[in-house]
**Student:** 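If you scroll down you'll find the structure; I have some questions about it.
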Amino acid sequence: MGHRACLRLLTWDVKDTLLRLREPVGESYAAAAGALGVRLQPEALGSAFRQAYGAQQRRFPNYGLAQGLGSRRWWLGVVEQTFRLCGVRDERVLARLAESLYRDFCSARTWETLPGAEETLSGCRQRGFRMGVVSNFDRRLEQVLSQCNLRHHFEFVVTSEDVGFAKPDRRIFEQALRLGGVRPEQAAHVGDDYVRDYAAARAAGMHSFLLAATAPPQAPAEHVLPSLSHLLALLGPA
């Protein structure tokens with residue numbers, strides 16, 4: 001990577017970099033509906049969720065902060081619309097499902113740590129790196145990280161809801177650099193999305209690594225991590 005000896009801060013994406021859903025969204029939604037006596041197919045719910053989520057993102061970017069919505073109301077709207085698209089019309093049932101799933105998605109029952117995440121984070125700290133999170137997650141992320149026993153690895157957690165800017169906006173990375181007290185060239189970001197993580201961090205002047213099973217042609221192979229554990233080899237011995 002060059003300048004590796006100058007690195008002082010590592011920032012991390014979370015979803016599909018450090019944590020992933022234990023099961024597809026459709027499965028979780030079908031189980032929640034089943035608990036209320038509503039039988040729906042996971043595949044149909046998964047498709048409806050993608051439709052509702054995409055529409056909500058386009059209409060109210062970054063949790064509708066500019067429209068005064070906020071993540072809780074934003075997500076309740078996504079869940080309710082998902083079930084409406086699958087034919088659920090009872091408003092009381094919709095409200096109960098939305099509240100239940102909003103709560104469940106804060107929990108370690110819903111999320112699991114990716115292979116190598118704990119060892120890699122520990123290894124980075126042992127090598128003396130300062131650590132932070134830069135994520136387009138909502139304010140529940142602090143709770144999710146704590147529930148999954150990862151929060152202690154990080155000095156700070158920057159979410160797009162908290163700062164008002166979502167990746168790939170460089171301002172979310174600039175906030176992390178301020179919190180870390182380092183210059184861009186002293187920091188590297190690790191994430192799984194080429195545009196929002198890898199390219200966006202580099203546009204902010206940082207180094208970056210892309211977690212990807214296969215390297216996209218735009219990313220140099222030495223910047224691509226086939227798995228999290230590959231990062232420690234790149235960073236050198238503790």
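The figures that follow rest on heavy atoms only: side chains count, while hydrogens, waters and symmetry mates do not. Just so you know, residue 1 is the first one in the sequence shown, and it goes up from there.
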**Student:** Leu225 versus Leu231: any side-chain heavy-atom pair under 4.5 Å?
**Tutor:** yes

**Student:** Is there side-chain contact between Leu85 and Gln81, with heavy atoms separated by less than 4.5 Å?
**Tutor:** yes

**Student:** Looking only at heavy atoms, which two atoms of Val79 and Leu101 are closest? And how far apart?
**Tutor:** CG1-CD1, 3.8 Å

**Student:** What are the two closest heavy atoms between Cys124 and Leu10, and how far apart are they?
**Tutor:** SG-CD1, 3.6 Å

**Student:** Nearest 0.5 Å please: distance from the OG atom of Ser28 over to the CZ atom of Phe105.
**Tutor:** 4.5 Å

**Student:** Within this structure, what is the CD-OG1 distance for the pair Gln51 and Thr82, rounded to the nearest 0.5 Å?
**Tutor:** 9.0 Å

**Student:** Taking atom CZ of Phe60 and atom CH2 of Trp74, what is their separation to the nearest 0.5 Å?
**Tutor:** 10.5 Å

**Student:** Less than 3.5 Å apart, any donor N or O on the side chain of Arg59 or Gln56 sitting next to an acceptor on the other?
**Tutor:** no

**Student:** Going by an N to O cut-off under 4.0 Å, is there a salt bridge joining Asp13 and Arg196?
**Tutor:** no

**Student:** To the nearest 0.5 Å, what is the distance between CG on Asp197 and CZ on Phe173?
**Tutor:** 6.0 Å

**Student:** Looking at Arg84 and Glu80, is any side-chain nitrogen of the basic one under 4.0 Å from a carboxylate oxygen of the acidic one?
**Tutor:** yes

**Student:** Could you tell me whether Arg127 atom CZ has more than 12 heavy atoms of other residues or ligands within 6.0 Å of it?
**Tutor:** yes

**Student:** Out of curiosity, Arg202 CZ to Arg170 CZ, how far, rounded to the nearest 0.5 Å?
**Tutor:** 13.5 Å

**Student:** With a 3.5 Å cut-off and no angle check, do the side chains of Thr17 and Asp192 form a donor-acceptor pair?
**Tutor:** yes

**Student:** Compute whether any side-chain donor of one residue and acceptor of the other, for Glu118 and His153, lie under 3.5 angstrom apart.
**Tutor:** yes

**Student:** Parallel, tilted or perpendicular, judged at 30° and 60°: which one describes the rings of Tyr63 and Trp75?
**Tutor:** tilted

**Student:** Would you say Thr11 and His189 are linked by a side-chain donor-acceptor pair, where the criterion is simply a distance under 3.5 Å?
**Tutor:** yes

**Student:** Taking the six-membered ring of Tyr102, is the NZ or CZ of Arg140 close enough (under 6.0 Å from the centre) and on axis enough (within 45°)?
**Tutor:** yes

**Student:** Is a donor from one side chain sitting under 3.5 angstrom from an acceptor on the other, for Thr159 and Asp162?
**Tutor:** yes

**Student:** If you draw a 6.0 Å radius around CD in Gln41, do more than 12 non-hydrogen atoms from other residues or ligands fall strictly inside?
**Tutor:** no

**Student:** Do other residues, nucleotides or ligands put more than 12 heavy atoms under 6.0 Å from Arg151 CZ?
**Tutor:** yes

**Student:** Treating Glu27 as the side-chain partner and Pro42 as the backbone partner, does any N or O pair qualify as donor plus acceptor under 3.5 Å?
**Tutor:** no

**Student:** How about Phe209 and Trp12: are their ring centroids closer than 6.0 Å?
**Tutor:** no

